[in-house]
Amino acid sequence: VFDGTADEVVVLLMGDEIHGNSEKSSSETWTSSLQSQAMAYIQLVLPAVNKASKTYYIKGTSWHMGVDGTVEAAIARELGVYKKTPFHKMEVTIDGIRFSLQHKGPKPGTRAWTRDNAMFYMLKDISFRSMQRGDEPADVYLWAHFHEDLGMSYKAAGPWGEKTIIGQV
């Protein structure tokens with residue numbers, strides 16, 4: 001929610017902007033036309049993109065977006081965020097906070113007591129790999145694919161000192 005206190009307004013488009021036309025999904029959307037879905041999506045998000053100081057676009061999955069990526073590229077161009085191609089993963093800094101953006105991430109566990117396990121181990125792995133490379137992990141890791149609200153933090157220590165990294169699906 002924009003409350004007027006942020007230095008900049010940023011839009012993050014995290015992939016799978018349309019539902020696609022797989023026969024499995026035919027009953028889950030009003031049309032199987034990729035073009036119609038793309039145009040509806042553009043009309044929905046364009047006002048936010050126009051108000052944003054920056055918009056970042058992450059690639060989704062071929063199941064939703066089509067194997068060749070042309071729908072994704074067309075959406076990105078129409079929104080004015082097209083460079084060469086949308087990315088599967090990127091790191092950006094917003095208001096001094098380093099974000100790692102990726103469509104696919106840890107899958108939430110299927111039982112109440114395993115729900116956070118994958119994210120915990122993902123953040124732990126990110127921390128240790130950063131330490132091995134001698135670099136600092138991002139502050140926040142955002143993933144979108146599993147359409148669930150799951151977030152946690154992990155206290156990491158390394159050459160950079162101690163820091164808390166945050167993960168959110």
Heavy-atom count around R111 CZ within 6.0 Å, excluding the residue itself: above 12?
no
Atom CG in L142, atom OH in Y56: separation rounded to 0.5 Å?
12.5 Å
Taking atom CD as the centre, does Q35 end up with more than 12 heavy-atom neighbours from other residues, nucleotides or ligands that are less than 6.0 angstrom away?
no
Spacing of Y41 atom OH and I75 atom CD1 [to the nearest 0.5 Å]:
7.0 Å
Of all heavy-atom pairs between P137 and I126, which one has the smallest distance, and what is that distance?
CB-CG2, 4.1 Å
Nearest atoms (heavy-atom pairs only) where M119 meets W143
CE-CZ3, 4.0 Å
Where do E78 and L46 come nearest, in terms of heavy atoms and distance?
O-CD1, 4.5 Å
Please round to the nearest 0.5 Å and tell me the distance separating atom CG of D139 and atom CD1 of I94.
11.0 Å
To the nearest 0.5 Å, tell me how far E136 CD sits from R98 CZ.
6.0 Å
Before giving the answer on side chain to side chain contact (heavy atoms under 4.5 Å, CB included), spell out for V10 and F99 the whole-Å C-alpha distance, their side-chain angles and the decisive distance to 0.1 Å.
CA-CA 12 Å; V10 176; F99 289 84; over 6 Å; no
If I take atom CZ from residue R129 and atom CG from residue D135, how far apart are they, to the nearest 0.5 angstrom?
12.0 Å
If you apply the rule side chain to side chain contact (heavy atoms under 4.5 Å, CB included), what do you find for L12 with L101, and how did you get there?
CA-CA 9 Å; L12 307 174; L101 311 174; 3.8 Å; yes
Taking atom OG1 of T55 and atom CG of N50, what is their separation to the nearest 0.5 Å?
8.5 Å
Is the side chain of S127 donor-acceptor paired with the backbone N or O of L123 at a distance under 3.5 Å, no angle test?
no
Non-hydrogen atoms of K51 and V9 that approach each other most closely:
O-CB, 4.5 Å
